[in-house]
Structure formats: structure tokens, C-alpha cells
A.B. asks: 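Below are the C-alpha cells for one structure; questions will follow.
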Amino acid sequence: MCDDAQDTPEDPARGIGRRALFVTGAAAALTAGSVTFAAAAGGDRQTRTIRGTLPAGVPDFVYVPVEVPTGVREFRVSYRYDRPAVPAGTAGNALDIGLFDERGTALGGRGFRGWSGGARTEFLVRADDATPGYLPGPVRAGTWHIALGPYTVAPQGLAYELTVTLEHGEPGTTPPPRYPPERAGGRGRAWYRGDCHLHSWYSDGRRTPAEIAALARAAGLDFINSSDHNTHAAHPHWADAAGEDLLILLGEEITTRNGHVVALGTDPGTFVDWRYRARDHRFGAFARQIRRAGGLVVPAHPHATCVGCGWKFGFGEADAVEVWNGPFTADDEVTLAAWDNLLVAAARGGRREWLPAMGGSDAHRDPDVVGLPQTVVLADDLTRRAIQDGIRAGRSYVAESKDVSLSFTATGGRGLRAGIGERLPVAPDAPVTVRLDVRGAPGCVPRLVTDEGVLLTGDPLPADGAGTLEWRTTAAYAAYVRAEVRHPQAVPQLPGAPAAFTNPIFLGEG
């Protein structure tokens, strides 16, 4: 049994008794007994300390209610928890934290005031300021909730201590939000480079928006997407980092216990809840919320091996999938193969819709490289909508840096021509010529992949990194063709890491 809040307040008469936790809501959660504060004069501070122990197998979220009186200027929380030694292969303790105000903890996040996960040991909110990851705003009277997320719990249990401090006084004024514009100085219909998966110090990153924007410009990017974990607190802080040369989209990485999904390019101020698992049958509703807010639904690193990272929700609601996440590793290779299998089903099953691939750096801090990889999108202009349209249509390829550029086309009779993400509508036996032009990939090996697998591998590219690979086929022989440019093999029997790969060109009338 869990020991819930054991209060050691400055005034013991206002402490709470020892109670059992109880289950609440559809999502697995527990609620502790409440902590009460009395009304006080301006300038006064009151502090309460709450201790408890969470057992192994505790539900995903534990809510500690705090009764807030009128006249509070600032709500401050610090916390700590034990990290006992555990046997090899056993998860130790990791405890996330966040805050909901008097509007409650109901799924959907109406009362959401911030989340820092495990990135911080303390935070504050008040009308005129908040710790990164949290939302400034008035501290109104009512029942607030500290949200604890026991990410992993050691066999010995997780003993924690919360210290809550309320400061009374005049509340101050909440500044109006400023958001980046939805348009930058584009080149009309052109290929634009972007990184759609980035973390700032508004979640568990270590870089400011200004630092990320500077790195994005140095990486040759035209656009980026803000995607902090489980909070939209960064949205009002990107305006100064944007410019005619850099479009900044706003989003969130919804980090559930059954996988992560990037909300790409949502309306400013959009928050998407993460407190559910696949078994709760809630994801579809939140995917639709992302789309209503103008965003794309992009499952992130679906075969990553970290706890809770593997994607369990299926791809029926996805607009694209992140196939390459950060430096290319074994789980990315698995994702690439799994994505290729989805292409086979779409091509051979007669489906007109298919799931495009993209990449993102998932950069958090040094030495993470912004723009490794980057998604290169054919868009009508450098605007939020045009970039999203290009990604949704699959008119894109993924490259390791600004140095790598691809041109990939298929041509048939009567002047028919298709590019990346398009369909070449030819008869099954009509001849088709596929051409790949590569720049900026010295020593790499180009190859063409169809629904049968790798059917053509070219010679290593020369020192200048440029080369061409051509192949003749028919729609009867290849349902689709996509291109890869790979580094030389580093491990026998395994292909080298990609320098770039494309979305497919589909062949046939479909």
C-alpha cells in the first residue's frame, strides 16, 4: 500500500491526515489527500511539505490536491525522490512532475498549467512569470493539483518529498502572447529544408529558442517545428527567433506511455493531452484535435527502445511517420523496413492513400545536431500550410545535412513524368525510366528500392559527391520505386547508414 501525503506544515494544526490513495478517471491515476493553506496577508509566505511512497505498479499519474486561498501571488513547488540501487536490467526510480490549476485535471487539459517531466526539481507559476515549461497566469483560489508521473519505479518503491510554497500579494499582469508569423520569405515553389522535431529549455532541452534558431540557420534550414514534451509553454517565445529566412512552426511532442507523436504546425497556443495509453482508446480523439488545430499527426521514432517510446497506437490516424530520428541507428533501420512494408500494402492493395516518411533531429542539447537529419520538402512557398501540404503529400526526402541534394524522377511515354511522392499513370507493360541525381555525398552508394527490395545498386560516388543512377522498368515489375544513398558498410551484412532517402514514386494507373 502506498503512503500518501504525510504533511509536515509550519502549522501542524493545518496538516492533513494519512489517507489511502484512490483511483480516479478513465486514465490510470491516483489522487492523494489534500494540502490546505490558510488566507494570509500580502507578502506572507506559507510552506507545506508532503511525503509519500509510491509502490511498483502504481498507476501512471498521482495527483496531490492543494487548497489555494484567495490573495496568492505565486505558487512554487520543489521536489525530490530517492534513487535506490537496483539489480542490472531492472528499472530504477524516475518521477516526472507537472501542475493543474483550479479548473481540474480532467483529460483534455483545461486546467493544465505546465509540465517539466523529470527535467527540473522546482518550478513556479504566477501571473507575470513562470518557469520554462509552465504557463504564466493568475493563481486563483480553489483546488490545484500537483501531477506526479512515476515513469519507472524500483522494486523498493519510490519515496518522494514535495515542498509547496505560496506567496501572497498583488498578482501582477500576464503579458499577451506573441507568436511567430506563418509565412517567411520563400522562393515560390521550391525545395525547403526543415527540422520538425526539436526540444528547447521549455521541456527537457537545454537550448533557448534563440540558440536553436541560430543552429537551424547554420544548418541551412528554412523551417523548424517547436515540439517540446507535453507542453505548449514555448509557443509565445519563438516570435523573436523567426525571420524572413526562417519559418517557425508551433507544436508539441505528445509523450504517452505507449509512444510519442509530434503535433506538427498546430495553431498557436494549442495543448494536446498525453495522459492515456493505447488500451484507453483515446488517441483518435486527440489526433483529430491536432488536425482541427491545423497540425499534422506524426508518430515519432516508432521503434525506439526507451521505456514508453515504442509506438502502440497504429498508423490509421497518422499523416506521416518519423522514420529517421537523430543519428541513424538500428531502430531507425527497423523503422525504415517497417515503413517500406506499409508502402507495399498501399501499392498492391489498390489504396490511394499512403503514409509518407520524414525525419527529425530530436535535438535536446550539445552535442545533438540540429538538422541531422532534415526533411526536404517541395512546397509552393515557405508558409505553414504549404510546408504541411508538401509533407502530407510525401513530396519530400530526408537528408543528413544541407550538403546532400537529390533529384528523383520517373518518366514514361507521351511526356508523362512523376516526381517524389507522385504517381506515374502508365500501363503495366509501358516502359518507365527512373533517374536519380545526387549531389554532396562523396563515397556513398546510390540504390533503388522497389516492393521486391533493392533492385539496383550503383557504384560509390566520386570525391565530388555527384552522380546519376538510371534504371528501366515497368509498372508490372515495380509497384513503386524509392531511392536511397548509403554510406559504405561499417558492419558486415548490414547496409551503411543513409546519407539520404526519398519517399516513393508509384508506378501504374492505381
Side-chain angles (χ1 to χ4, degrees), residues 25-29 59-61 96 98 106-109 112 115 117 147 149-152 196-197 199 203-204 225 227-232 251-266 270-326 331-346 349 351 353-360 362 375 388 391-392 394 503:
D60 293 346
F61 302 100
D96 296 340
L107 199 62
F112 178 77
W115 183 257
Y151 180 58
T152 54
C196 296
H197 190 163
H199 297 280
S203 61
D204 62 342
N225 180 65
S227 53
D228 282 308
H229 293 282
N230 296 344
T231 181
H232 59 300
E252 177 187 338
E253 184 175 7
I254 298 97
T255 307
T256 81
R257 299 299 181 91
N258 283 165
H260 304 182
V261 60
V262 171
L264 198 167
T266 52
T270 298
F271 167 72
V272 184
D273 213 322
W274 73 98
R275 295 171 294 159
Y276 44 85
R277 295 196 187 199
R279 66 192 180 201
D280 299 319
H281 304 290
R282 300 297 185 104
F283 175 69
F286 289 102
R288 291 188 290 275
Q289 179 198 348
I290 292 169
R291 282 192 282 272
R292 284 196 303 272
L296 302 184
V297 178
V298 184
H301 47 66
H303 290 278
T305 57
C306 46
V307 174
C309 292
W311 184 249
K312 309 293 186 184
F313 295 95
F315 296 98
E317 295 284 355
D319 296 302
V321 59
E322 185 186 72
V323 169
W324 184 351
N325 175 273
D331 61 282
D332 296 308
E333 194 71 67
V334 172
T335 303
L336 182 60
W339 168 70
D340 188 81
N341 290 342
L342 295 177
L343 296 181
V344 170
R351 292 175 54 194
E353 295 182 0
W354 57 282
L355 189 63
M358 56 182 295
D362 203 357
T375 301
Q388 290 175 318
I391 291 173
R392 187 187 294 107
N503 275 300

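This one's a predicted model, so the numbers in the text were calculated from it and none came from an experiment.
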A.B. asks: Under the side chain to side chain contact (heavy atoms under 4.5 Å, CB included) test, which residues partner T152, sequence neighbours left out?
C.D. replies: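 If we apply the side chain to side chain contact (heavy atoms under 4.5 Å, CB included) test to T152, skipping adjacent residues, the hits are A91, A94, V307.
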A.B. asks: State, to 0.1 Å, how close T255 and H260 come at their nearest heavy-atom pair, and which atoms those are.
C.D. replies: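 Looking at all heavy atoms of both residues, the shortest contact is CG2-NE2, 3.1 Å.
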A.B. asks: May I ask you to test the F315-P299 pair for a side-chain heavy-atom distance under 4.5 Å?
C.D. replies: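 In short, these two side chains touch, coming nearer than 4.5 Å.
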A.B. asks: Which class fits the ring pair W274 and F271: parallel under 30°, tilted 30 to 60°, perpendicular over 60°?
C.D. replies: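 Geometry flag for F271 against W274: perpendicular rings.
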A.B. asks: Where do V262 and A300 come nearest, in terms of heavy atoms and distance?
C.D. replies: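 That closest heavy-atom pairing would be CG2-CB, 4.1 Å.
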A.B. asks: Any donor-acceptor pair under 3.5 Å linking the side chain of D362 with the backbone of H197?
C.D. replies: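 No, D362 side chain to H197 backbone: no donor-acceptor pair under 3.5 Å.
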A.B. asks: Can you tell me if T375 uses its side chain to pair, donor with acceptor, with the backbone of G359 under 3.5 Å?
C.D. replies: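 The answer is yes, because a donor-acceptor pair under 3.5 Å joins these two groups.
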A.B. asks: How many angstroms lie between atom CG of D331 and atom SG of C309, to the nearest 0.5 angstrom?
C.D. replies: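 Reported to 0.5 Å precision, the distance equals 9.5 Å.
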A.B. asks: In Å, rounded to the nearest 0.5 Å, how long is the span from CH2 of W339 to CD of E322?
C.D. replies: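 Nearest 0.5 Å value for the CH2-CD distance: 13.5 Å.
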A.B. asks: Could you measure the distance from the CD atom of Q289 to the CD1 atom of I254? Nearest 0.5 Å is fine.
C.D. replies: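 It comes to 8.5 Å.
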A.B. asks: How close do A320 and I391 get, counting heavy atoms only, and between which atoms?
C.D. replies: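 Answer, listing the atom of A320 first, then I391: CB-CG2, 4.2 Å.
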A.B. asks: With rounding to the nearest 0.5 Å, note down the distance linking CZ in R282 to CG in D273.
C.D. replies: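 With rounding to 0.5 Å, CZ (R282) is 9.5 Å from CG (D273).
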A.B. asks: Where the side chain of R257 meets the backbone of D60, is there a donor-acceptor pair that is under 3.5 Å apart?
C.D. replies: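 Here the side-chain-to-backbone pair exists.
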A.B. asks: Mind checking side chain to side chain contact (heavy atoms under 4.5 Å, CB included) for D340 and listing every partner two or more places apart, or none if nothing turns up?
C.D. replies: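 Side chain to side chain contact (heavy atoms under 4.5 Å, CB included) check on D340 returns L343, V344, V449, Y480, R482.
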A.B. asks: When you measure from the side chain of D332 to the backbone of N325, do you find a donor-acceptor pair of N or O atoms at a distance under 3.5 Å?
C.D. replies: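 Checked: pair present.
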A.B. asks: Stepwise, does the side chain to side chain contact (heavy atoms under 4.5 Å, CB included) test hold for E317 with I290?
C.D. replies: CA-CA 10 Å; E317 295 284 355; I290 292 169; over 6 Å; no
A.B. asks: Is the gap between the ring centers of W311 and F283 under 6.0 Å?
C.D. replies: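 Yes - the distance between ring centres of W311 and F283 falls below the 6.0 Å cut-off.
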A.B. asks: Are the side chain of H199 and the backbone N or O of S227 linked by a donor-acceptor pair below 3.5 Å?
C.D. replies: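 Judged by distance alone, yes, a pair lies under 3.5 Å.
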A.B. asks: Listed by chain and number, what are the side chain to side chain contact (heavy atoms under 4.5 Å, CB included) partners of D96, not counting sequence neighbours?
C.D. replies: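 In terms of side chain to side chain contact (heavy atoms under 4.5 Å, CB included), with neighbours along the sequence ignored, D96 is linked to W115, Y151.
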A.B. asks: Is there side-chain contact between N503 and W354, with heavy atoms separated by less than 4.5 Å?
C.D. replies: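 A side-chain contact exists here, since the closest heavy-atom pair is under 4.5 Å.
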A.B. asks: Only counting residues at least two apart or in another chain, list the ones meeting side chain to side chain donor-acceptor pair (under 3.5 Å) with S203.
C.D. replies: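 In terms of side chain to side chain donor-acceptor pair (under 3.5 Å), with neighbours along the sequence ignored, S203 is linked to D228.
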A.B. asks: Using modelled atom types only, decide if a donor and an acceptor are shared between the side chain of Q388 and the backbone of G294 within a distance under 3.5 Å.
C.D. replies: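 Yes, Q388 side chain to G294 backbone: donor-acceptor pair under 3.5 Å.
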A.B. asks: Under the criterion side chain to side chain contact (heavy atoms under 4.5 Å, CB included), I'd like the reasoning laid out for L107 against R275: C-alpha separation, chi angles, the key distance, then a yes or no.
C.D. replies: CA-CA 7 Å; L107 199 62; R275 295 171 294 159; 4.0 Å; yes
A.B. asks: Are the side chains of P356 and R392 in touch, meaning some heavy atoms are under 4.5 Å apart?
C.D. replies: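 Heavy-atom side-chain distance check fails, nothing below 4.5 Å.
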A.B. asks: How would you list, by chain and number, every residue that makes a side chain to side chain contact (heavy atoms under 4.5 Å, CB included) with A106, sequence neighbours excluded?
C.D. replies: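 So A106 forms no side chain to side chain contact (heavy atoms under 4.5 Å, CB included) with any residue.
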A.B. asks: Tell me every residue that passes ring-ring contact (aromatic ring centres under 6.0 Å, His included) with F286, counting only those two or more places apart in sequence or in another chain.
C.D. replies: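 So F286 forms a ring-ring contact (aromatic ring centres under 6.0 Å, His included) with Y276.
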A.B. asks: Give a yes or no on whether a salt bridge exists between D319 and R291, defined as a side-chain N under 4.0 angstrom from a carboxylate O.
C.D. replies: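 Judged by the 4.0 Å cut-off on N to carboxylate O distance, D319 and R291 do form a salt bridge.
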A.B. asks: Are the side chains of H301 and T335 in touch, meaning some heavy atoms are under 4.5 Å apart?
C.D. replies: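 The answer is no; the side chains never approach within 4.5 Å.
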A.B. asks: List the steps, then state whether side chain to side chain contact (heavy atoms under 4.5 Å, CB included) holds for T266 with E252.
C.D. replies: CA-CA 8 Å; T266 52; E252 177 187 338; over 6 Å; no
A.B. asks: Can you tell if the side chain of P302 reaches within under 4.5 Å of the side chain of V321, non-hydrogen atoms only?
C.D. replies: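 They are in contact (side-chain heavy atoms under 4.5 Å apart), so the answer is yes.
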